[in-house]
Amino acid sequence: MENQLQQSAQRKKGKFIAFEGIDGSGKSTQVQLLTKRLKENHIDCYATMEPTHAPIGTYLREILMGRRKADPRVTAFLFAADRLDHLLNEENGIAAKVSGGTTVITDRYYFSSYAYHSGDMPMDQVIRINEQSQEILRPTVTVFIDIDADTAMERILRNRDHQELFEKKSKLAEVRLNYFEAFDKLKDTEEIIVVNGNGTPEEIAEDIWDACKHHFPLRL
Ligand code: ADP
Ligand code: TYD
């Protein structure tokens with residue numbers, strides 16, 4: 001049963017689009033804009049995010065806010081566990097949604113782990129602890145919104161009353177480079193689109209749509 005679910009999710013009746021980028025890059029804005037566009041085109045569509053709002057994700061948010069302490073390696077494993085729960089939980093697991101024909105758009109997926117945790121352990125090890133998720137559901141496409149760490153910090157400081165664990169300029173600059181290292185490492189098995197995140201939200205949404213629309217050919 002579990003195997004059947006995994007195989008049919010990989011066959012992807014619905015599409016699975018993962019948004020990636022450093023904190024403040026505009027992911028959640030673009031998830032909303034793409035979801036709206038797909039819904040307007042009568043495509044059954046579900047927007048979600050990691051860390052999730054389920055128990056493991058909620059615990060992770062407490063670590064990110066500094067309310068709980070955890071060794072960075074524990075944090076990396078918790079993110080991998082939250083991701084598996086995101087895929088497989090009985091209530092609203094996204095693997096079942098995709099195999100049932102829903103297009104799922106997620107704000108962050110396993111490339112976030114590769115980029116954020118490879119300062120604490122080798123990237124290959126981070127990739128290994130996420131192997132289950134890779135087997136269950138690979139994104140149809142990963143959209144990386146690229147901005148530099150200075151711009152990200154400006155946006156974060158302008159718009160938030162608190163800063164989280166990874167929201168320091170030097171860390172964000174390192175994470176951005178890690179993303180590119182991971183994209184290069186996995187270029188033969190993953191479809192990755194890099195968009196310039198410096199325009200207006202509407203301009204970026206157009207670039208994303210131009211790059212993704214061929215995945216929705218029959219219905220548009
Ligand atoms: P993320 O989900 O990557 O952290 P958000 O979409 O929450 O990013 O955007 C971070 C902040 O920057 C928000 O306050 C948002 O309104 C603003 N923002 C989003 N996109 C842009 C953009 N293209 N230009 C300027 N500001 C933006
Ligand atoms: P998020 O709430 O998406 O913040 P933002 O909207 O600013 O991007 O992400 C929370 C933080 O969690 C972010 O700093 C990245 C981090 N993170 C990891 O470290 N590993 C992971 O696997 C994921 C999914 C997120």
Side-chain angles (χ1 to χ4, degrees), residues 18-36 47-54 56-68 70-87 94 105-121 123 125-134 139 142-176 178-179 182 195-208:
F19 278 79
E20 294 286 357
I22 60 176
D23 298 51
S25 56
K27 295 179 303 305
S28 63
T29 304
Q30 293 304 325
V31 167
Q32 279 173 25
L33 290 172
L34 182 59
T35 304
K36 183 165 167 272
T48 181
M49 66 175 70
E50 294 182 5
T52 67
H53 290 282
I56 305 169
T58 303
Y59 191 89
L60 277 163
R61 286 173 198 282
E62 299 204 347
I63 295 173
L64 293 169
M65 308 252 276
R67 292 195 196 131
R68 285 180 190 275
D71 182 277
R73 289 162 295 184
V74 175
T75 305
F77 274 87
L78 285 173
F79 271 110
D82 185 43
R83 183 161 300 123
L84 264 188
D85 184 55
H86 193 198
L87 286 164
I94 58 174
I105 302 181
T106 184
D107 185 340
R108 298 193 180 279
Y109 196 52
Y110 47 59
F111 274 103
S112 284
S113 280
Y114 308 162
Y116 281 81
H117 307 299
S118 54
D120 302 310
M121 59 175 86
M123 188 180 287
Q125 211 171 319
V126 188
I127 293 173
R128 267 205 307 280
I129 67 175
N130 281 280
E131 251 166 15
Q132 289 281 333
S133 299
Q134 296 147 31
T142 295
V143 178
F144 179 74
I145 305 176
D146 190 24
I147 63 169
D148 63 31
D150 286 292
T151 312
M153 279 313 294
E154 267 171 41
R155 288 190 196 168
I156 290 166
L157 296 175
R158 191 167 358 118
N159 297 304
R160 299 230 184 113
D161 56 3
H162 67 277
Q163 257 176 280
E164 294 187 353
L165 185 62
F166 297 122
E167 293 176 347
K168 298 193 185 76
K169 203 194 310 188
S170 58
K171 175 69 185 180
L172 293 184
E174 182 193 314
V175 167
R176 178 174 174 275
N178 290 343
Y179 267 118
V195 297
N196 182 339
N198 292 298
T200 64
E202 292 70 26
E203 285 166 345
I204 299 163
E206 279 311 304
D207 288 348
I208 292 170

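Atoms within each ligand, like the ligands themselves, are counted from 1 in listed order. The model shown is predicted, which means the values in this text are computed figures rather than measured ones.
- The contact set between ligand 2 and Lys27, taken as ligand atoms under 4.0 Å from a residue heavy atom, comprises 8 (O).
- Judged by the shortest distance from any of its heavy atoms, Arg83 lies inside the 4.0 Å radius around the atoms of ligand 2.
- In this structure, of Lys27, Arg155, Glu203, the residue bringing a heavy atom nearest to atom 3 (O) of ligand 1 is Lys27.
- Residue Asp23 places at least one N or O, backbone or side chain, under 3.5 Å from an N or O of ligand 2.
- For the pair Phe19 and Gln30, the tightest heavy-atom approach, listed with the atom from each and the gap, is CE2-CB, 3.7 Å.
- Side-chain atoms of Asp120 never come within 3.5 Å of backbone atoms of Arg73 as a donor-acceptor pair (strictly under, hydrogens ignored).
- Within ligand 1, counting atoms from 1 as listed, the ones closer than 4.0 Å to a heavy atom of Gly199 are 22 (C), 23 (N), 24 (N).
- Near Ile204, meaning under 4.0 Å from any of its heavy atoms, are these atoms of ligand 1: 23 (N).
- Counting only N and O atoms by type, the side chains of Tyr116 and Asp23 include a donor and acceptor under 3.5 Å apart.
- Looking at ligand 2, you won't find any N or O of Tyr109 less than 3.5 Å from one of its N or O atoms.
- Distances below 4.0 Å separate heavy atoms of His117 from the following atoms of ligand 2: 18 (C), 19 (O), 20 (N), 21 (C), 22 (O).
- Those atoms of ligand 2 that come under 4.0 Å of a heavy atom in Ser113, given as number and element, are 21 (C), 22 (O).
- In terms of protein heavy atoms, atom 4 (O) of ligand 1 is closest to Gly24 N, 3.0 Å.
- Closest to atom 5 (P) of ligand 1 by heavy atom, among Ser28, Gly21, Pro201, is Ser28.
- Among protein heavy atoms, the minimum distance from atom 13 (C) of ligand 1 is reached at Asn159 ND2, 3.8 Å.
- At a heavy-atom cutoff of 4.0 Å, ligand 2 is contacted by no atom of Leu60, backbone or side chain.
- Scanning the protein for heavy atoms near atom 8 (O) of ligand 1, the closest one is Gly26 N, 3.0 Å.
- Qualifying ring pair (Phe, Tyr, Trp, His ring centres under 6.0 Å) partners for Tyr110, counting only residues two or more places apart in sequence or in other chains: Tyr114.
- Not counting sequence neighbours, the partners of Thr29 by the side chain to side chain contact (heavy atoms under 4.5 Å, CB included) test are Leu33, Pro201.
- Scanning the protein heavy atoms around atom 19 (C) of ligand 1, the nearest turns out to be Thr29 OG1, 3.4 Å.
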